Structures are given as C-alpha cells and as structure tokens.
There are 4 protein chains.
Amino acid sequence: MKSNQETKPREISLRKTAEERHQDILEAALIVFTRKGYNGSTTAEIARVAGVAEGTIFRHFATKKDLLVAVLKPKVLNGIIDLDKEQKEATPVEFFRFFLRNRLELINENDGFFRFMFAEAQYHSEVREALFKGILEQGIGIVKPWFDMGVARGDFKPLPFIPTMRGFMGMVMFQGMFNHVFEGLSPEETLEEAADQLLELLFHGLLAK
Amino acid sequence: MKSNQETKPREISLRKTAEERHQDILEAALIVFTRKGYNGSTTAEIARVAGVAEGTIFRHFATKKDLLVAVLKPKVLNGIIDLDKEQKEATPVEFFRFFLRNRLELINENDGFFRFMFAEAQYHSEVREALFKGILEQGIGIVKPWFDMGVARGDFKPLPFIPTMRGFMGMVMFQGMFNHVFEGLSPEETLEEAADQLLELLFHGLLAK
Amino acid sequence: MKSNQETKPREISLRKTAEERHQDILEAALIVFTRKGYNGSTTAEIARVAGVAEGTIFRHFATKKDLLVAVLKPKVLNGIIDLDKEQKEATPVEFFRFFLRNRLELINENDGFFRFMFAEAQYHSEVREALFKGILEQGIGIVKPWFDMGVARGDFKPLPFIPTMRGFMGMVMFQGMFNHVFEGLSPEETLEEAADQLLELLFHGLLAK
Amino acid sequence: MKSNQETKPREISLRKTAEERHQDILEAALIVFTRKGYNGSTTAEIARVAGVAEGTIFRHFATKKDLLVAVLKPKVLNGIIDLDKEQKEATPVEFFRFFLRNRLELINENDGFFRFMFAEAQYHSEVREALFKGILEQGIGIVKPWFDMGVARGDFKPLPFIPTMRGFMGMVMFQGMFNHVFEGLSPEETLEEAADQLLELLFHGLLAK
DNA sequence: TATGAATGAGCTTTCATTCAT
DNA sequence: GATGAATGAAAGCTCATTCAT
C-alpha cells in the first residue's frame, strides 16, 4: 500500500483511453473511406480496421455521416496552416515554386484522401463545404498576397487572379490527384521533376516566343 | 428478315422494342449514377426513371456493375471522335484553342458525367480503365500530332509531351469538372472567357518577361 | 396448347397473391402485437408467423409503425358497424342489454386486441386516435339516440349522458379487458351471467330501495 | 457499529449514500416507465433522469426487469393501506362514497402509473401478479367487509360480491385511467363531480323506477 | 461503490437479385 | 421478354449488460 502510494509506478494500462479509441476510429474511417468511398464503406469494416466493436463507433459518432465530417475536419484544418511561415523573405516566384512542390507533396503523402474528397464533394454537401472553406478559401487567402505582390513588382503579368489561380490549381490538383488514374504514362518521373515541368509551363507558357 | 420488314408495316406500337428499353435503362442509369454515384444509386430508382420494372433491368444487364460498364462505353467511344475532322487546315495554335474550348463545352454539356467518371475511377477498376483507354489514350492520340507539329514548326517550345499535356489537361479538366464545387468564385464568367484565360496562361505563362 | 387455350383449367397457383400476403402479414402482426405489445414485437417474429421473409414486410408497409396503423384500421372500422341494424324495433332497455352483451362478446372474440389497444394508446398517438375516433366516437354515436329515447320515454332517469356513458363503458370494458388479469376470481362464470349481473347493477343500482 | 455512529458526525456529505442513489433510480424509473412503457424505456434515459451513470443502475438492480419489479413494489404496498383507518364509524354507503373518491384521487395523483400498470400487466407476469396481489386482493379485502355489512344492514341489495365489485371497479378504474385517452369529452368536469355521478349511477341505477 | 466506455446480439430497414407468372 | 413481389444478406444503428478503472 505504502509503496504504491509513494511510487505509483504508472502501470501500463491494458485499456485504451477514450481519446485513443476516438483516434483509432477516425484513422480507420480515413483508411476505409479513402479506399472505398463513403457509400462503399461499411461501419462493420471501419470497426474491424479500428479494432473495436461496431457499437463503439456509434458511441463516438452519432451517425456514419458525422464520422465522415469528423474525418474531414482535421485534414482540412491542418493541411495548409503555417505554409508561408518560413517564406517571409522569398520572392513571389520562389513562393510559387515552393507552394506547388509543397502541395504535390501534401497530396502525395495523404495518398487517396484528396481524391476521396473531390469525389465525395459531388454527392455530399458536407464534403463540398469542407473542401471549399477548408482548402480553397484558405489556399486562395495564402496565395493571393503573393500573386498581388508579384504583379506589383512587375514579376507577373497583370492577369485576373481567379481564372489564373484556377488554371494553376488545376495543374497541381490534377497532377496530384489523378496521377493514380493515369499511372503508367511516365512512371519513372519523380515528384520534383513533375513539379518543375509544371512550373516551367506555368511560368513561361507553351509558345516559343 | 425481309418478309418481316415487309409484312409488319411498322404499326405504331404501344409496346416498346427491346432495344428501346435497353436505351431507356441506359439513359436512366446515366442520370441517376451521375447524380448520386454508383453506390448511392439504387436499381429501384433507375427502373423508376427508366419507366420499367425493376426486374427488367436484370434482363438487359446481368448485374448493376454490368450496367455501369454499359453506361460508360458509348460516352467513352463517342466523346472524342471526329474532333479533328474539320481542323485539317488549322495551325497547331488554332487546334489547341479549338480543342480546349471543345473539351470545356463537352464537359459542360455532359454535366456531371465527367465528375462522376473521375470520382468512380477511384473505386472501380472498370471505370478507371474506361477513363484511361477511352478518354486519355484517345485524347493523347489526337493531341500529340498537333503538339509535335507545333514543336516542329517552332510554334511551341520543345517541352516534354506527357508532363506538358498533363498540365494542360489539368487546367481543362479542373475547370470543367470542379467549377461546380467552387461555384461562386467567379459566377458571371462565360465559358468562352474561361477558355480564353486558360489559353492565355497556357500559351504565354505567368511571368512578365 | 389448344386445350390450354380452351379449357384454361385454372391451375392451382403455388404462389400467393399480393393481397393474400398483405393479409398474412396483417394477421401475423395482430397476433404478435397483441401478445407482446408494439415495442416488444420484432419484425423478425412477425415475418416468421406470417411465413414471409422479413424484407417482404417492408414491401407492404413502409415502417413498423405503418404496420401498426394498418392493423388497427380494419378492427376499428368493422368493430361497430351494423350493430343496431336489427334492433330497430327494440326498446331502449332491450338495446342496452343487447349492446352490453354484444360488446362483451366482441371483446372476447378479439381476445387481447382491445387490451393491446388500450395499452398502446398511452404510448402511441396513432393508437390513441384510432381508439378515440374509431371506437369511442362511433360507440357514442350509436348509444346516444337510444339513451335519449330512453329518457324521453321515461324509461331512464335524466342523467347526464357522458358521465353515465363513461360509467357504463367502464363496466363493460373493464370486465371485457381485465378479466384476463383478474382471472381466477370467478372462473366458472359464463359471459352471459357476467353480462346479466352488470346489467342488474347498471339498471337498478346497488342500494336496496 | 456504535463507534461508527458516534465518531462520524454525519457531515454534510456531497456524496449521496447508496440508499439515496437507490431511491433516485427508482424514482427515475417510475417516471420513465410511466411515460414510455417498459419496452419503450432505455436504461440510458433512466440513468440520465436519475443523475447516475448507466452502470450504477446495474449495481442496484441486476437487470432491467428487476428494476421494474422494484418500482412496482412500494406502489403496490403503499397504495391501499390506512384507507379505512378513519372510517371506523362510517356507514357502508359513506364508505363507498369515500372509497370511490379516494381511488379517483389516488389514480389522479399517480398520474399515468396505474395506466402503466394495467398496460404492462398484459405483457409481464411480474406486473400482473403485483397488480393482482397488491391491488386487487387488498382492495377486495378492504371493501368486502363493508359490502357484507351493507347487505346485512339491508342497505345494499344481496348481489353477488365479485361481479358487483368488478362493475364498481370498472367504473372507477376506467374513469381514472382512460380519462386521459378520452380527454375532451367533458373537459371542465371536476374530479368530485365525476365521482358523484358515478356514485349516483352505482347506487340508484339507470332505470327510472 | 460508482463510473462510463466497450460490447455484441439484435433491431428496423435497404437493396441487388431471383423467379413464377 | 417484361413484370413486380419475394427474398435474405447486409446495412446502419440501439441498448441492456459488463468490467477495468
């Protein structure tokens, strides 16, 4: 008793905390959703992957839809923040180079998740909103000042921001997301090379002069 | 056959032919799949939209998956053909301008179907293959000669084809497909304006000099 | 072929008609609901009793609640009609005697169903309404003219109708419904004897003079 | 034991005693059962109403059924006792008047509980027995001497006790219990008026002579 | 002793597919 | 061929009960 009181050796608990289970379920849902889509995933499989009973899922998330939303939230919030933290001294051109590489890496690391998000955005307004508010708005908020600065400095042409941005994002997203669908077209290419070639096209265009 | 054609004088039949029902089902499936996704669609709803009994679907298509494949086939085959028929006299630059506008129109007219295809491509290898073989390969087959010609004539820079193409397609597809998700960013823009701005970026790039 | 066309011997169909299945399910639901209550009954058991697959129930009734309502409807509608058809020539006293016996028989024959209805009326507004509209309102509509006639003829005292009715119905319903709960108190009693004794009390009261 | 009583000076404890929790759970169960029925109530809701954890319920009552039985017991035991304590000097007629009013008040005060009991008596033998032993038998035990005395004194007709009792109880119970179901029929009526009218019918009957 | 997260059997409901007509 | 009722496996979800803390 005494020693117990004094040392309290923080015995390794066999039981997971509620927070850990919560995370287990979220991670499992991320994996399964990404692989099979929302409608193609069953709560039974998510439970199996998470290593919990099926009922446990509904203790943490009232409905399957709630679980979907909970899966989206952290990905959306954490995806972009602090991106330009260390880029304070960069030129706009350098920022765009950095940004494009960084996005391709992000998409690559979260393999399948962005594809999942764009896919489900069509069918579920919750996803659409998360995609829009969490990713697009934030992305634009970060890129626009650099774009404006580039135009102000005379580095960039004074093109309209939104359409230009859309073209730029199209390049990046498409490369990042559908690489998977089109795999085989240029298999030995590295991520950096892909980024550089997109940048070349973005910066200088296709025409010879 | 002949006697059949002659004697049966094509009376205005209230009964549809098997071929007509087949088409009704395909069209209904296209509509429902596009709106709700493959897993989100029920054969009951497709039957209702098609105006046939649920069992009839399975007389024409053994499984729901078969129906999906059958829906993809004609879209994929007809999507691209005859594109360059009337462009024989054009310059590569003119072709690209025409191609980009034509693709945006195509995507627009088949509202939702391309989104559906890219979305389901993740979850169903059948769709992935249809997308790849039917659209990408054909598209590349058509564009590459013009690209090569442009490079040969000195109109285009000698950039590597595949990455350049991917950037180009990214612009086009992203604009066409996710416009819907990002609606509101530039609402009064016409399709032509969007096409012109993408072309400006594609041809001359972002940098000022 | 020919004989088939001519005689068409109305082969005994192995398959039940949709209407028959509908009835099977309603009858099964009546049995199970009556025995176990609404919340205590499972659609699995109802299906088993009806001899159909569980899914079949939901082809005929969208929800379990709908099935409950469908069970109530015919009982409620058929319970009372034509009661006074053959009583045109009776005196009010004779009518009351007939009515009381008739109600006790009805409750007896539909063993458990009235108990079920009064029980579930507490928890489900659908049942409450059915009970009120289908049984009480109709019952009052039938009895009131006879009561009024009895008062007009000087057979009955001019008591207020509703409270008197409630006392009368209480006697009848309680006897009919909770006989079951209180069984054992007077086991060899016949239905007729019970009715006669209630009538005696109803007509002449407890007091000696 | 003694030292325990003396040394621990009943400090105002924030913690409830086991006995208090026991009571809290019983009260909560009474409320929830009465409102939703046994099968319609969840242990989760009872725990919430009681202000305890769900597991705590099962520390006090092994099963939900045990909780039901425990809820019934005190109601059944306390429902009737002391009824005739102050009626020693009354006449049988006065007793019946008092008894009827008293029962209506009791049913009214325990709003819903008697309805609950009669309802669940159909589905649960435990309730049936409690109802029978706790309420009927006791009630009969109390009323019968007064009835017999009334008959002996020549106040009451020599009717058979059980059927008469059943008619009487039917009036009372039905009025008390299903008033709720039939509300609206005579809304401004007071409890006393209702009692008086039932007594009038009970004592003198419906017939004019 | 009280807690409340976890459990898993079982609930109502859905749906692709079958098959007698 | 067309029908549509029937099927039953499987879906999402509930809930009385358990048990490590």
Side-chain angles (χ1 to χ4, degrees), chain A residues 11 13-22 25 39-47 51-67, chain B residues 15-19 21-22 25 39 41-47 52-67, chain C residues 11 13-22 25 39 41-47 50-67, chain D residues 15-18 21-22 25 39 41-47 51-67:
Chain A
E11 323 178 49
S13 165
L14 292 176
R15 214 168 206 187
K16 290 196 172 183
T17 66
E19 183 52 36
E20 282 168 336
R21 294 259 178 212
H22 201 88
I25 293 168
N39 281 320
S41 303
T42 68
T43 51
E45 180 169 8
I46 293 169
V52 302
E54 205 169 348
T56 303
I57 289 181
F58 294 94
R59 220 161 219 294
H60 290 265
F61 307 94
T63 66
K64 193 187 169 192
K65 206 61 173 279
D66 284 0
L67 177 55
Chain B
R15 261 249 169 96
K16 289 197 174 184
T17 66
E19 181 52 33
R21 293 202 181 267
H22 200 88
I25 294 167
N39 280 318
S41 303
T42 68
T43 51
E45 179 168 9
I46 294 169
V52 301
E54 212 172 341
T56 305
I57 289 180
F58 292 91
R59 214 149 257 298
H60 290 265
F61 308 93
T63 66
K64 192 185 172 193
K65 206 59 171 280
D66 285 359
L67 178 55
Chain C
E11 322 178 49
S13 165
L14 293 175
R15 215 170 207 188
K16 291 195 172 184
T17 66
E19 183 51 35
E20 281 168 337
R21 295 258 178 213
H22 201 87
I25 294 167
N39 281 319
S41 303
T42 67
T43 51
E45 180 169 8
I46 293 169
V52 303
E54 206 168 348
T56 303
I57 289 180
F58 293 93
R59 217 158 221 298
H60 290 265
F61 308 94
T63 65
K64 193 186 170 193
K65 205 60 171 280
D66 284 0
L67 177 56
Chain D
R15 261 243 169 99
K16 290 196 172 183
T17 67
R21 292 200 182 270
H22 200 87
I25 293 168
N39 280 318
S41 303
T42 67
T43 52
E45 179 167 10
I46 293 168
V52 302
E54 211 171 341
T56 304
I57 289 180
F58 293 90
R59 213 149 258 297
H60 290 264
F61 308 94
T63 66
K64 191 185 171 192
K65 205 61 171 279
D66 285 0
L67 177 55

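Given the structure is predicted, the values throughout are model-derived calculations rather than measurements. Quick note on labels: first sequence line is chain A, next is B, and so on, each numbered from 1.
Going from atom NE2 of B/H60 over to atom CD of B/E19 covers 9.0 Å, rounded to the nearest 0.5 Å.
The minimum heavy-atom distance linking C/R21 with C/G51 is given by the pair NH1-O, 3.8 Å. Between B/F58 and B/T63, the closest heavy-atom pair is CE2-CA, 4.2 Å. Among all heavy-atom pairs drawn from C/K64 and C/T43, the shortest one is CG-CG2, 4.0 Å. When every heavy atom of C/F61 is checked against every heavy atom of C/I25, the shortest pair comes out as CE1-CG2, 3.6 Å. Residues A/I46 and A/L67 approach most closely at CD1-CD2, 4.1 Å, considering heavy atoms. Shown here for D/A47 and D/E54, the closest heavy-atom pair between the two residues is CB-CA, 3.7 Å.
Note: CG (D/D66) to P (F/dT18) measures 11 Å, nearest angstrom. Rounding to whole angstrom units, NZ of residue D/K65 and P of F/dT17 are separated by 10 Å. Distance, B/I46 CD1 to E/dA16 P: 8 Å, rounded to whole Å. Per the geometry, CD1 belonging to C/I57 stands 13 Å off P belonging to E/dT14, to the nearest Å. A straight line from CG of A/N39 to P of E/dA16 spans 11 Å, rounded to a whole angstrom. As rounded to whole Å, 10 Å separates atom C1' of F/dA5 from atom CD1 of C/I25. Rounded to whole Å, atom P of F/dA5 lies 7 Å from atom NE2 of C/H60.
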Fill in: Dot-bracket line, read 5' to 3' along DNA chain E, where crossing pairs take [ ] and | marks a partner on another strand, Watson-Crick or G-U under 3.5 Å
.||||||||||||||||||||
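When the nearest nucleotides of DNA chain F are assigned to A/T63 and C/V52 by heavy-atom distance, the more 5′-ward of the two goes with C/V52. Comparing B/A53 and A/G55 by the nucleotide of DNA chain F that holds the closest heavy atom to each, the one mapping nearer the 5' end is B/A53.
Distances were taken from every side-chain heavy atom of A/E54 (C-beta onward) to each of F/dT3, F/dG12, E/dT3; the shortest belongs to F/dG12. Out of E/dA16, E/dT3, F/dG8, the shortest distance to the side chain of B/T42 is found at E/dA16. Nearest nucleotide to the side chain of B/K64, out of F/dT17, E/dA16, F/dG4: E/dA16. Closest to the D/F58 side chain, of the nucleotides E/dT14, F/dA2, F/dA16, is F/dA16. In the set F/dT7, E/dT13, E/dT17, the nucleotide with an atom closest to the side chain of C/T56 is F/dT7.
For the OP1/OP2 pair of F/dT7 and a distance below 4.0 Å, the side-chain nitrogens and oxygens of C/R59 include no atom meeting the criterion. Not one side-chain nitrogen or oxygen of A/R21 sits closer than 4.0 Å to the OP1 or OP2 atom of E/dA5.
Using a 4.0 Å heavy-atom cutoff across all strands shown, D/T43 reaches at least one base atom of the nucleic acid.
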